[in-house]
Asks: 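Let me begin by handing over the structure; questions about it come next.
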Number of protein chains: 2
Amino acid sequence: MSAGPGRPDGVDGAEKRAGAAPARRATISDVAREAGTGKTSISRYLNGELGVLSPDLRARIEAAIERLDYRPNQMARGLKRGRNRLLGLLLADLANPYSVEVLQGVEAACHALGYMPLICHAANEIEMERRYLQLLTTYRVEGVIVNALGVRESMLKPVGGGGIPAVLIDRTVDGLDADMVGLDNAAAVHLGTKHLLSRGYHDIVFVVQPFAQVSSRREREAAFRESMQASGGAARGLTHVLDLQDEAAVQISLAALDAHLARAAASGARCALFAANAPVALRLALHLKAALGAHWQQRVALIAIDDPDWAELAGITTIRQPTREIGYRAVEFLHERIEGAALAARSAAFEGELVVRASTLG
Amino acid sequence: MSAGPGRPDGVDGAEKRAGAAPARRATISDVAREAGTGKTSISRYLNGELGVLSPDLRARIEAAIERLDYRPNQMARGLKRGRNRLLGLLLADLANPYSVEVLQGVEAACHALGYMPLICHAANEIEMERRYLQLLTTYRVEGVIVNALGVRESMLKPVGGGGIPAVLIDRTVDGLDADMVGLDNAAAVHLGTKHLLSRGYHDIVFVVQPFAQVSSRREREAAFRESMQASGGAARGLTHVLDLQDEAAVQISLAALDAHLARAAASGARCALFAANAPVALRLALHLKAALGAHWQQRVALIAIDDPDWAELAGITTIRQPTREIGYRAVEFLHERIEGAALAARSAAFEGELVVRASTLG
DNA sequence: CTGTTAGCGCTTTCAG
DNA sequence: CTGAAAGCGCTAACAG
């Protein structure tokens, strides 16, 4: 991680200046000198303690700052103050539109509360995630929001314990007692199955990525089974695993799915696929299109949790998560922890919203 | 932007510790004391100057670090060294898959070169962009990669001038002489029109967002017109503007487009739409589907620059940009500048790749 | 091979 | 109202 020695320090292109502009950014001392005062007053000015400065001094400071195009160095401030207003946001997969939307909520909240988000993208690599978490520690972020891949609780701060304050998004982390915000998975799945059943689909396959390690997937899968049981055997439910990280496994799994669909079709059952999230839905749709042709929608119904922008185009029924709010709330939770709130771990579960489209109106 | 006074400093939940863990992260002094040596040796150890430490001292240091779970503070290092290994990445719109892909290239390069990307998302808000640029300055990033919305050159560093080193992505900034990396727009558009003409489409509408302020759009539009002229009047070309930031304008524009399509259909011309980028393509596809029904593809051809994941699902022909490489190269350029390279502004234009799908095989 | 001594740019007592 | 001085955690001469 360290840059290592050996860099030719002699090189210095920055010296080639056009003319007036200072080679080095002005420091607080420069401003103090320019304004003919001490650093303290500058600092006071920067921190908004205006009432305490004489109008004259204040004017001189303003002028000096302007003239030197001075910008306080956050790093130095952070070092002295012990807080740098940096929040880490660790995302498992930015290719998932869910993450991008949550990110937007996080950004909005950060602005409102005066934080700067340090966004880290693990790209589904558990090793990346580990490195980023370490990096965040190193940059002394005041807290982290984690959409975990495989983080161990050891690096995070359990409520009331040591480490760095964390709030979890979408997924819990084994053994970590922290604030959590996400979807009300059980309710969302029930919403979906109820819709499917009401539309007369009596053979439902729930397709989900390997769920043992990921709480949200686990909860969705459990809710699905429970939901089907509650239907009193009126419909047949089946869980199907699709490991998107392993293309070979995906092929095998899709073949099995095809077989199931064929069997169902032969027996005259109306069949629906319930994708546990957007990436799964996309993979399914692509496959169905390839396997059944452009009019695959007439052969099998598809519903999904998450509402990516292409869902409308493809006409797929979805259960939309209030993603922005999830991100926003996560920051709020974290902020409270950072400010020292000593309450027990909280959890916010938002409701999903059913968006009915053509795919389930067959 | 400043936190302002008035925060109740008395509150301090962090004091409520479970037991052993230290309330405060260990500092280099703690480690030195624990290892029974001076800070210098610790620093040397941290910076990989291992050959210069006796095996014994080294072992003691390692043990101490381990015991205290010590992590060097990057902020302090940066303050002292004058470089904090932070790079700013200013993105106009993360909802555009293009940005996410470029981002991945940037991340990869950052890892390889030892930087930490500070990702800022302007969300198409020019004011946000300005604030972020200021913030990045304040955090003393060593350089910025900018996918500009409306940045003025005043904040950035023209090659050889003052300010912060910048490299531009996809779009140039008026009056800023900086490194630039993006798509070979002219070639990409030619690729598209050639394909369309060869498939017998003789009425082509190029749909683009307002292009006066954005160099890539401008170049694409110009290339389109030139391309049509070069076809020697064999086909009719028309530029159509779609301002996605203004829903009312979009409606009007789409209505006009519908009229054009109807006219073309009446005259028996085979008509194609050429979307200048993915967001435009999505909007067009959604509209066509709503206006012409699920089988809109049989009525009008669609081709687009950019290759979002839904393109395959919708069967839309695209011109794919090597997005990862663009991001990677941008970091490399920036790195060279940071290291002091004093060459003239460079520009890297990557070739697009035509991905033919059903939409243009009608 | 190792430690001492100055700061990096800023905030914060503590005296004027 | 204002400024001098002492660090925050770390690195980099400069002596041993």
Side-chain angles (χ1 to χ4, degrees), chain A residues 2-5 7 9 22 24-61 64-65 68 70-85 137-140 142, chain B residues 2-5 7 9 22-61 64-65 68 70-86 137-140 142:
Chain A
S2 67
R7 193 175 59 81
D9 265 320
R24 188 178 50 75
R25 282 226 82 102
T27 76
I28 199 174
S29 300
D30 298 330
V31 178
R33 196 177 323 115
E34 181 80 10
T37 177
K39 308 193 295 182
T40 314
S41 296
I42 311 298
S43 177
R44 291 207 176 100
Y45 175 85
L46 294 177
N47 292 291
E49 298 169 43
L50 302 173
V52 91
L53 297 172
S54 68
D56 171 56
L57 216 206
R58 181 174 162 177
R60 272 152 51 214
I61 292 178
I65 287 182
L68 267 38
Y70 170 69
R71 302 261 199 286
N73 182 330
Q74 281 300 335
M75 299 307 184
R77 292 182 128 180
L79 187 57
K80 184 70 208 174
R81 285 205 179 130
R83 36 184 338 201
N84 55 17
R85 313 260 69 188
T137 291
T138 253
Y139 277 102
R140 294 295 188 272
E142 297 185 34
Chain B
S2 68
R7 193 174 60 83
D9 267 320
R24 186 179 52 76
R25 280 226 84 102
T27 76
I28 200 173
S29 301
D30 297 331
V31 179
R33 196 177 322 113
E34 181 81 9
T37 177
K39 307 194 294 181
T40 313
S41 296
I42 312 297
S43 178
R44 291 206 175 101
Y45 175 85
L46 294 177
N47 291 292
E49 298 170 41
L50 302 175
V52 91
L53 298 172
S54 70
D56 171 55
L57 215 205
R58 182 172 164 179
R60 272 153 50 214
I61 293 179
I65 287 182
L68 267 38
Y70 170 69
R71 301 261 201 286
N73 182 331
Q74 280 300 337
M75 299 307 183
R77 294 180 131 187
L79 188 55
K80 182 70 212 177
R81 285 205 179 131
R83 36 186 335 201
N84 55 18
R85 313 261 68 190
L86 249 26
T137 291
T138 254
Y139 277 103
R140 294 295 189 274
E142 298 186 32

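Note: hydrogens, waters and symmetry copies are ignored here, and every other heavy atom, side chains too, is used. Every chain is numbered from 1, with letters handed out A, B, ... down the list of sequences.
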Asks: Please state how far atom CZ in A:R33 lies from atom P in D:dG3, giving the value in whole angstrom units.
Replies: 15 Å

Asks: Quick one, A:N47 with A:R77, criterion side-chain contact (heavy atoms from CB on, under 4.5 Å). Give me CA distance, side-chain angles, the key distance, then yes/no.
Replies: CA-CA 11 Å; A:N47 292 291; A:R77 292 182 128 180; 3.6 Å; yes

Asks: With a non-hydrogen cut-off below 4.0 angstrom, is A:I42 in contact with a base, only sugar-phosphate, or nothing?
Replies: nothing

Asks: What is the separation between atom CZ on A:R81 and atom C1' on D:dA6, rounded to the nearest whole Å?
Replies: 18 Å

Asks: Between A:L46 and A:Y70, is the side-chain contact (heavy atoms from CB on, under 4.5 Å) condition met? List the steps.
Replies: CA-CA 11 Å; A:L46 294 177; A:Y70 170 69; 3.7 Å; yes

Asks: Over all heavy atoms of both residues, which pair between B:N84 and B:R140 is shortest? Give the atoms and the distance, please.
Replies: ND2-O, 3.1 Å

Asks: Starting at CG of B:L57 and ending at P of C:dG3, how long is that distance when rounded to a whole Å?
Replies: 6 Å

Asks: Can you check the A:K39 NZ to C:dC8 C1' distance for me, whole Å?
Replies: 10 Å

Asks: Determine: side-chain N/O of A:T40 to OP1/OP2 of D:dG3, distance under 4.0 Å, yes or no.
Replies: no

Asks: Would you kindly give the CG-to-P distance between B:N84 and D:dT11, to the nearest whole Å?
Replies: 13 Å

Asks: Heavy atoms from C-beta onward define the side chain here; which of C:dC14, C:dT2, C:dC10 lies closest to that of A:A76?
Replies: C:dC10

Asks: Taking atom types as they are modelled, is there a donor-acceptor pair under 3.5 Å from the base of D:dG9 to the side chain of B:R25?
Replies: no

Asks: Need one value for A:S43: base, sugar-phosphate or nothing, where a base atom within 4.0 Å counts as base even if backbone is also close, heavy atoms only.
Replies: base

Asks: Answer with base, sugar-phosphate or nothing: what part of the nucleic acid does A:Y70 contact at a heavy-atom distance below 4.0 Å?
Replies: sugar-phosphate

Asks: What's the closest nucleotide to the A:T27 side chain, out of D:dT2, C:dT2, C:dG9?
Replies: C:dG9

Asks: For C:dT2, does either OP1 or OP2 sit under 4.0 Å from a side-chain N or O belonging to B:S54?
Replies: yes

Asks: Select one nucleotide: of D:dT11, C:dT12, D:dT2, the one nearest the side-chain heavy atoms of A:R44.
Replies: D:dT2

Asks: Does a side-chain N or O from A:N73 land closer than 4.0 Å to OP1 or OP2 of C:dC8, or not?
Replies: no

Asks: Rounded off to whole Å, could you give me the CZ-to-P distance for the B:R85 and D:dC10 pair?
Replies: 18 Å

Asks: Take B:Y45 and B:V31 through the side-chain contact (heavy atoms from CB on, under 4.5 Å) test and state the conclusion after the steps.
Replies: CA-CA 11 Å; B:Y45 175 85; B:V31 179; over 6 Å; no

Asks: Specify the closest pair of heavy atoms between A:D30 and A:T27, including all atoms of both residues, with the distance to one decimal.
Replies: OD2-N, 2.8 Å

Asks: Could you tell me which non-hydrogen atom of A:A35 sits nearest to which non-hydrogen atom of A:A64, and how far apart they are?
Replies: CB-CB, 3.8 Å

Asks: Over how many whole Å does the gap from B:I28 atom CD1 to D:dG7 atom C1' extend?
Replies: 16 Å

Asks: Check the distance between D:dG9's C1' and A:R77's CZ and give it to me in whole angstrom.
Replies: 18 Å

Asks: Quick one: does any side-chain atom of A:N73 pair with a main-chain N or O of A:M75 as donor and acceptor, under 3.5 Å?
Replies: yes

Asks: Ignoring hydrogens and geometry beyond distance, is the side chain of B:K80 in donor-acceptor contact with the base of D:dG9 at under 3.5 Å?
Replies: no

Asks: Judged by each residue's nearest nucleotide on DNA chain C, which is more toward the 5′ side, A:P72 or B:R60?
Replies: B:R60

Asks: Measure the spacing between CZ of A:R25 and CZ of A:R71 and express it to the nearest 0.5 Å.
Replies: 5.0 Å

Asks: If you pin B:L79 and B:G36 to their nearest nucleotides in DNA chain C, which one's is more 5'?
Replies: B:G36

Asks: Which angle, to the nearest 10 degrees, lies between the helix axes at the two ends of the helix from C:dC1-D:dG16 to C:dG16-D:dC1, each defined by five pairs?
Replies: 40°

